[in-house]
Amino acid sequence: MSNSSLLDRFAALDSAAVSDALDQLGLPSGVGGIRPVWGPAAVVGFAVTVGLEPRTEGPAGTHIATTAVENADDKSVIVVDNQGRTDVSCWGGILSLGASLRGVRGVVADGVCRDVAEARELDFPVFSRGAIPATARGRLHQRSTGEPVGVAGLTVAQGDIVLADETGLVVVPRDRAEEVAEIAAATVARERAIADEVRAGAPLSQAMHDARLAGEKESVR
């Protein structure tokens, strides 16, 4: 399956369905706490990772995340590991502009961002733990790019599939992506069938039960 087709399959899903599929496979489920900073949004793409750490004394270097943006494309989501810090921004307006111009699908940051209005004007999805005006300059240093990072307790490797929406964040290992997508799609189909029955008047307790939601065969009564 092509990368584009795989991302299209995940774009038709939400974080809850994917989390359920990850659970079924014994993989880490979805997490909350990282949300869109402007308006309703959803984003899915292949991770381009950035690891940050507190800045120490020394000469100034390339601004954080710029190399990741330059290595990203229109199938990418930038994933920034700032260890959940909320006292300094790890993403800002010029980074949003540069990423948008490269067609990047969005950014997911385990930290906070700034220049929210600029991201909104660009229609560029930014997911983080919130917003703050404090700059990263003089406070943060780029530890790595393209290496595995941690985001809200999840490990994200370069090329993993990242899906974020208003409910939360899921990370799908690249080598398990097709399997996860298939299970998640089946989950969505079951839940839609249950919802249709409820709308048609079926008692909630009859239409909705754990075995059916999990795709298990019901026992004969």
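Since the structure is predicted, the reported quantities are computational estimates derived from the model, not experimental observations.
- At least one donor-acceptor pair closer than 3.5 Å links the side chain of R35 to the backbone N or O of E166.
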Checking side chain to side chain contact (heavy atoms under 4.5 Å, CB included) for the pair K75/L7: CA distance, chi angles, key distance, verdict?
CA-CA 8 Å; K75 296 179 181 62; L7 291 182; 3.8 Å; yes

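- Considering only residues two or more places apart in sequence or on other chains, S128 meets the side-chain hydrogen bond (donor to acceptor under 3.5 Å, both in side chains) condition with none of them.
- With sequence neighbours excluded, the residues that form a side-chain hydrogen bond (donor to acceptor under 3.5 Å, both in side chains) with D73 are S76.
- With sequence neighbours excluded, the residues that form a side-chain hydrogen bond (donor to acceptor under 3.5 Å, both in side chains) with S15 are D165.
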Go through the steps to decide whether L52 and R85 satisfy the test side chain to side chain contact (heavy atoms under 4.5 Å, CB included), and finish with yes or no.
CA-CA 10 Å; L52 305 179; R85 288 182 62 178; over 6 Å; no

Could you walk me through whether R190 and T187 pass side chain to side chain contact (heavy atoms under 4.5 Å, CB included), step by step?
CA-CA 5 Å; R190 284 195 301 275; T187 298; 3.3 Å; yes

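- The backbone N or O of D160 lies less than 3.5 Å from no partner atom in the side chain of R174, so there is not a single donor-acceptor pair.
- The two residues V48 and A72 have their closest heavy-atom pair at CG2-CB, 4.2 Å.
- A side-chain donor-acceptor contact under 3.5 Å links D14 to the backbone of A17.
- The backbone N or O of A65 lies less than 3.5 Å from a partner atom in the side chain of Q142, making a donor-acceptor pair.
- By the 6.0 Å contact criterion, CG on L101 is enclosed, its count of non-hydrogen atoms from other residues, nucleotides or ligands being greater than 12.
- Residues forming a side chain to side chain contact (heavy atoms under 4.5 Å, CB included) with T155 (at least two apart in sequence, or on another chain): P148.
- Listed for the W38 side chain is a donor-acceptor partner under 3.5 Å among the backbone atoms of F124.
- Sorted by first and then second residue, the side chain to side chain donor-acceptor pair (under 3.5 Å) pairs involving residues 88-110 (not counting sequence neighbours) are W91-S96, D110-R129.
- With hydrogens and angles ignored, the 3.5 Å screen pairs no side-chain donor or acceptor of N82 with any backbone N or O of G111.
- Looking only at side-chain heavy atoms (C-beta outward), C113 and V37 come within less than 4.5 Å of each other.
- Using a distance-only test at 3.5 Å, with no hydrogens or angles considered, a donor-acceptor pair links the side chain of S2 to the main chain of S5.
- Expressed to the nearest 0.5 Å, how far CG of L6 lies from CZ of F46 amounts to 5.0 Å.
- In this structure, the side chain of N71 engages the main chain of T67 through a donor-acceptor pair within 3.5 Å.
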One pair to check against side chain to side chain contact (heavy atoms under 4.5 Å, CB included): V151 and I34. What are the steps and the verdict?
CA-CA 9 Å; V151 175; I34 296 178; 3.6 Å; yes

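- Two residues are said to be in side-chain contact when any heavy atoms from C-beta on lie closer than 4.5 Å; V31 and L154 meet this criterion.
- For the residue pair E147/T49, the side-chain donor-acceptor check at 3.5 Å is not satisfied.
- Applying the side-chain hydrogen bond (donor to acceptor under 3.5 Å, both in side chains) rule to D74 yields no partners; only residues at least two apart in sequence or on another chain are considered.
- Heavy atoms from other residues, nucleotides or ligands lying under 6.0 Å from CD of E53 number more than 12.
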